[in-house]
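Have a look at the structure below, then the notes.
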Amino acid sequence: MADQFNIRFCVETNWPTGRRRRAEEASLTGMDWECFLPLPFLPRKDDMLKVHAEDEFRCVEQVFIYADEDPHKVEVFFAFQEDARHASLIEAGWREVR
């Protein structure tokens, strides 16, 4: 069986209509979302990935590997998504990072 990489997927979206940034939230431009998924391969920049069956394909912008901490710990950042439907993100397994 192939090694599994513990991947934290991240995407930043616009703020939903009517939603304003709270003082304790770090991002000024939009909301940060994350989800976790083990994969048997390492994504690369410009790969198009679908994190969950209910999700849409997203373009990989950055990949960080934390070999010093854990050789299988990886963070994948998708390109900023301006026209996100926030209810769809939640249904697809994403959660808001606070």
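What's counted below: heavy atoms across the whole structure, side chains too, no hydrogens, waters or symmetry copies.
Rounded to the nearest 0.5 Å, atoms CG (Leu89) and CD (Glu96) are 10.5 Å apart. Here Leu37 contributes atom CG and Asn6 contributes atom CG; the two are 10.0 Å apart, rounded to the nearest 0.5 Å. Residue Leu42 holds its CG atom at 5.0 Å from CD1 of Ile65, rounded to the nearest 0.5 Å.
Counting all heavy atoms, side chain and backbone alike, Asn14 lies closest to His86 at O-NE2, 2.9 Å. The heavy-atom pair separating Gln4 from Pro40 by the smallest distance is NE2-CB, 3.7 Å.
For Glu56, the side-chain contact (heavy atoms from CB on, under 4.5 Å) test picks out Arg58, Gln81, Arg85, with sequence neighbours left out. By the side-chain contact (heavy atoms from CB on, under 4.5 Å) test, Glu91 is found to be paired with no residue, residues two or more places apart in sequence or in another chain being considered. In this view, Cys35 and Phe9, Val51, His52, Trp94 satisfy the side-chain contact (heavy atoms from CB on, under 4.5 Å) rule, not counting sequence neighbours.
Of the options Glu75, Arg8, Lys73, a side chain to side chain donor-acceptor pair (under 3.5 Å) to Tyr66 is made by Glu75 and by none of the others.
Note: the hydrophobic cluster containing Phe36 does not contain Val74 (ILVMFWY, side chain heavy atoms under 4.5 Å, direct or indirect links). Follow the hydrophobic side-chain contacts under 4.5 Å out from Met48 and you never reach Val60; the two are in separate clusters. Two different hydrophobic clusters hold Phe64 and Phe41 under the rule that ILVMFWY side chains link at heavy-atom gaps under 4.5 Å.
Here the side chains of Phe77 and Glu12 are not in contact, with every heavy-atom distance at 4.5 Å or above. Here the side chains of Cys59 and Asp46 are in contact, with some heavy-atom distance below 4.5 Å. Between Arg95 and Trp33 the shortest side-chain heavy-atom distance does not fall below 4.5 Å.
No side-chain donor-acceptor contact under 3.5 Å links Asp55 to the backbone of Lys50.
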